[in-house]
There are 2 protein chains.
Amino acid sequence: MTQQSRPVYLKLRDQIAAAIIEGVYAEGEMLPSVRAFAAEQGANPLTVAKAYQQFQADGLVEVQRGVGMYVVRGAAEKLRRSEREQFLAREWPELKVRMKRLGIDPTELLAHS
Amino acid sequence: MTQQSRPVYLKLRDQIAAAIIEGVYAEGEMLPSVRAFAAEQGANPLTVAKAYQQFQADGLVEVQRGVGMYVVRGAAEKLRRSEREQFLAREWPELKVRMKRLGIDPTELLAHS
DNA sequence: CAAGGTGCATCAGTGACATAATACAGCGCG
DNA sequence: CGCGCTGTATTATGTCACTGATGCACCTTG
């Protein structure tokens, strides 16, 4: 049967993204080192590095070799915008279809807030 | 960068589940044979069989050896209920948190219907 | 310079996934 | 019965994402 568990590096990636957006890792500040974060999360440093890499590629964090990775100014808002766009374009459409198929009314769900 | 492509057998499984709920494969009727469906989808018969297996295990389809797999009566509603429950319990909570973080107002999305 | 911290490149191992080639057991129909 | 269709069990192979261990280059600090 196997399973389909979300890869660790993606979980970490989402977790970090949320932290950046919410200001836990404020702009201009340093991200936890790959080793520190790995130890904290019980993961492998390389796996953490893989999660960090995407932010670096997107220009959301800057690497100072031998020092660490810093959150770029405007990263939080930039990240929020791109994630928002991704969500609306990719996930929401099929999500809406699926909810309709399951007989779920989105407006009803908001009442339980 | 790798990918994160959903396994084929899970895609097929979702596709079939949707078809059952929507009545494309009506109750009492026969599902496409593993070979036929495999040829149609460009997949391997074994992969299709793997997708079918879950429905069989959940008692949603019945196997008549040498004949084919039939959709059990009440399968559509049963499937809808279980999927609905899954969605509300597992996906929606974190989805709600995530939407809030991204500054997305669910009510706004309904306007685009 | 020496020590300890950073990220990162390289190589390797593991397991899920998909495909393939057969073979078998059961059923329907001519 | 014989043919063709069902699902399924078996075995094998190949691929690839994921994870991990090791070592290196770079920086800061004392």
Side-chain angles (χ1 to χ4, degrees), chain A residues 1-17 19-20 24-72 75 79 90, chain B residues 1-17 19-20 24-72 75:
Chain A
M1 183 68 75
T2 73
Q3 278 288 345
Q4 173 69 8
S5 69
R6 194 171 174 74
V8 177
Y9 80 96
L10 282 183
K11 288 183 194 169
L12 297 177
R13 187 255 167 212
D14 290 347
Q15 185 174 340
I16 298 161
I20 291 181
V24 177
Y25 300 144
E27 305 178 355
E29 289 188 357
M30 203 176 105
L31 287 177
S33 74
V34 288
R35 289 175 178 82
F37 195 68
E40 175 187 338
Q41 297 291 329
N44 189 283
L46 274 187
T47 305
V48 176
K50 190 171 184 179
Y52 280 3
Q53 235 169 356
Q54 304 200 349
F55 295 111
Q56 178 190 354
D58 293 342
L60 296 172
V61 300
E62 252 179 10
V63 177
Q64 294 195 10
R65 290 189 63 94
V67 181
M69 307 187 67
Y70 290 85
V71 181
V72 166
L79 189 55
R90 291 223 158 73
Chain B
M1 186 68 71
T2 71
Q3 293 274 0
Q4 174 65 11
S5 72
R6 195 171 175 74
V8 177
Y9 80 95
L10 282 183
K11 289 182 193 168
L12 296 177
R13 186 254 166 213
D14 289 347
Q15 185 175 338
I16 298 162
I20 290 181
V24 177
Y25 300 144
E27 305 179 354
E29 287 188 357
M30 204 176 104
L31 288 177
S33 76
V34 288
R35 292 177 178 83
F37 195 67
E40 175 188 337
Q41 297 291 329
N44 188 286
L46 275 186
T47 305
V48 176
K50 190 173 183 179
Y52 279 4
Q53 235 168 359
Q54 304 200 351
F55 294 112
Q56 179 190 354
D58 292 344
L60 296 172
V61 301
E62 251 179 12
V63 179
Q64 294 196 9
R65 291 189 65 96
V67 182
M69 307 185 68
Y70 290 83
V71 180
V72 165

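Naming convention: chains lettered A, B, ... in sequence-line order (proteins, then strands); numbering from 1 in each chain. Quick caveat, the model's predicted, so the values are computed rather than measured.
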Nearest 0.5 Å, please: how far is CG in Leu31(B) from CD in Glu62(B)? 12.0 Å

Nearest to the side chain of Met69(B), which nucleotide is it out of dC18(D), dT8(D), dA18(C)? dT8(D)

State which of dC18(D), dT6(C), dT8(D) makes the closest approach to the side chain of Ser33(A). dT6(C)

Atom pair CD (Glu27(B)) and CD (Glu29(B)), whose distance is rounded to the nearest 0.5 Å: 10.0 Å

What parts of residues 36-49 of chain B reach DNA chain D, counting only heavy atoms under 4.0 Å away? Leu46(B)

Could you state the CD1-P distance from Ile16(A) to dG7(C), rounded to the nearest angstrom? 11 Å

Working to the nearest 0.5 Å, report the span between CG of Leu10(A) and OG1 of Thr47(A). 11.0 Å

Can you tell me how far CZ of Arg35(B) sits from CG of Asn44(B), rounded to the nearest 0.5 angstrom? 10.5 Å

Select base, sugar-phosphate, or nothing to describe what Glu62(A) touches, counting heavy atoms under 4.0 Å on all strands. nothing

Measure the CZ-CG distance between Arg6(A) and Asp14(A) for me, rounded to the nearest 0.5 Å. 4.5 Å

5' to 3', nucleotides 24-30 of chain C under a 4.0 Å protein heavy-atom cut-off (B base, S sugar-phosphate only, - none) gives --BB---

Whole angstrom value for the distance that separates C1' of dC18(D) from CD of Gln54(A): 14 Å

When rounded to the nearest 0.5 angstrom, what is the spacing between CZ in Phe37(B) and CD1 in Ile16(B)? 4.5 Å

